[in-house]
S.K.: 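Here it is, the structure, as structure tokens.
Read the numbers this way: they start at 1 and go in the same order the structure lists the ligands and their atoms. By convention here, the first residue in the shown sequence is residue 1. Please read all numbers here as calculations on a predicted model, not as lab measurements.
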Amino acid sequence: MESRFREQVAIVTGASSGIGRAAALRFAREGARLAICANRNVDGLEQTRRAVEDAGAECLALKVDVRERPAIDTFVQSTLERYGTVDILVNNAGTAQFVPFAHIDDNEYERVMDTNVRSVFYFCQAVLPTMKTNNRGKIVNVTSVMGEVAAQGQSIYNASKGAAKVLTQAIAVDVSGYNINVNAVAPGMVVTNLTERMLANEAMQKWFTSRIPQRRIGQPDEIAGAVAFLCSPDAAYVHGATLVVDGGMLCTRDSE
Ligand SMILES: NC(=O)c1ccc[n+]([C@@H]2O[C@H](COP(=O)([O-])OP(=O)(O)OC[C@H]3O[C@@H](n4cnc5c(N)ncnc54)[C@H](O)[C@@H]3O)[C@@H](O)[C@H]2O)c1
């Protein structure tokens, strides 16, 4: 396979499963050195670390809550101490929400907004000084098609992913003049822990599939491919963009 990320250092958050694990493996197979984190599923994080090392790449894996600035700063500092630089940041860690708007309390609001938006704010602030000094860097924030349109019972998730999208644009503008690309990938429906319960329901799976022009649910590696593209030289002029990867879901209201 082509080694687009040889010798580069990539941070991937939320890498204990799903899209984050797939992205970490992509970078590993294409020559990068990895720093990965997650706060839940430490066993999963360890499995990803082993898979990255089996792919021949170095890997630093730490338990980090992406809502906590001190933990993030320590993680980025550890990455810098181990590798000397950071070239790529993928803000992938995220959480879902399925509570009707009327029943969302302050704790739920903060849990979702802090995990999906505050994390982007903290992580970008932590890596940008290094990227600016290097005059080089790639940041990809994983948003969602649910940041483009709304769905019943997902109001704060919708708001958080919409905020992460516009924050992506704002940071892209703010780093003007540096050779740093800041973009987002907005996945549609993908088979991961986040959607496992929903997709285990056959009727639900059929309903979603009927609304996707490609007539299938996506796989984590298909999102990882888009993340890797945005971090590659081929995307040098892509900046402040949100790449929707959803099998056509947002294109239509048709269903079978
Ligand atoms: N699966 C989908 O259909 C889908 C669709 C659109 C967007 N997304 C987004 O993709 C991203 C990855 O999700 P996934 O589908 O791979 O789910 P997943 O549950 O497999 O992975 C989520 C990851 O985020 C980590 N995480 C959650 N809260 C955290 C916190 N406070 N601190 C540190 N890590 C934390 C988890 O430990 C895990 O590693 C999320 O941002 C999600 O919103 C997923």
S.K.: For D106, I'd like to know if atom CG has over 12 heavy atoms of other residues, nucleotides or ligands within 6.0 Å.
M.R.: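 For D106, atom CG is not crowded (no more than 12 foreign heavy atoms under 6.0 Å).
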S.K.: Would you call R49 and E53 a salt bridge, using N to O less than 4.0 angstrom?
M.R.: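 Yes, this pair counts.
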S.K.: Which protein residues have a heavy atom closer than 4.0 Å to any atom of ligand 1, listed by chain and number?
M.R.: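 These residues qualify: G14, A15, S16, S17, G18, I19, A38, N39, R40, V64, D65, V66, R67, N92, A93, G94, T115, V142, T143, S144, Y157, K161, P187, G188, M189, V190, T192, N193, L194, T195.
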S.K.: Under 3.5 Å, is there a donor-acceptor pair linking the side chains of N141 and T168?
M.R.: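 A donor-acceptor contact under 3.5 Å links the two side chains.
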S.K.: Is it the case that T85 and N134 place a side-chain donor and acceptor less than 3.5 Å from each other?
M.R.: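 Indeed, the side chains of T85 and N134 share at least one donor-acceptor pair under 3.5 Å.
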S.K.: Can you give me every donor-acceptor pair (side chain of residues 144-152, partner residue at least two apart or in another chain, under 3.5 Å) with its distance?
M.R.:
from: S144; atom 1: OG; to: M146; atom 2: N; distance (Å): 2.8
from: E148; atom 1: OE1; to: K165; atom 2: NZ; distance (Å): 3.0
from: E148; atom 1: OE2; to: K165; atom 2: NZ; distance (Å): 3.4

S.K.: For R82, look at atom CZ and say whether over 12 heavy atoms of other residues, nucleotides or ligands are found less than 6.0 Å away.
M.R.: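 For R82, atom CZ is crowded (more than 12 foreign heavy atoms under 6.0 Å).
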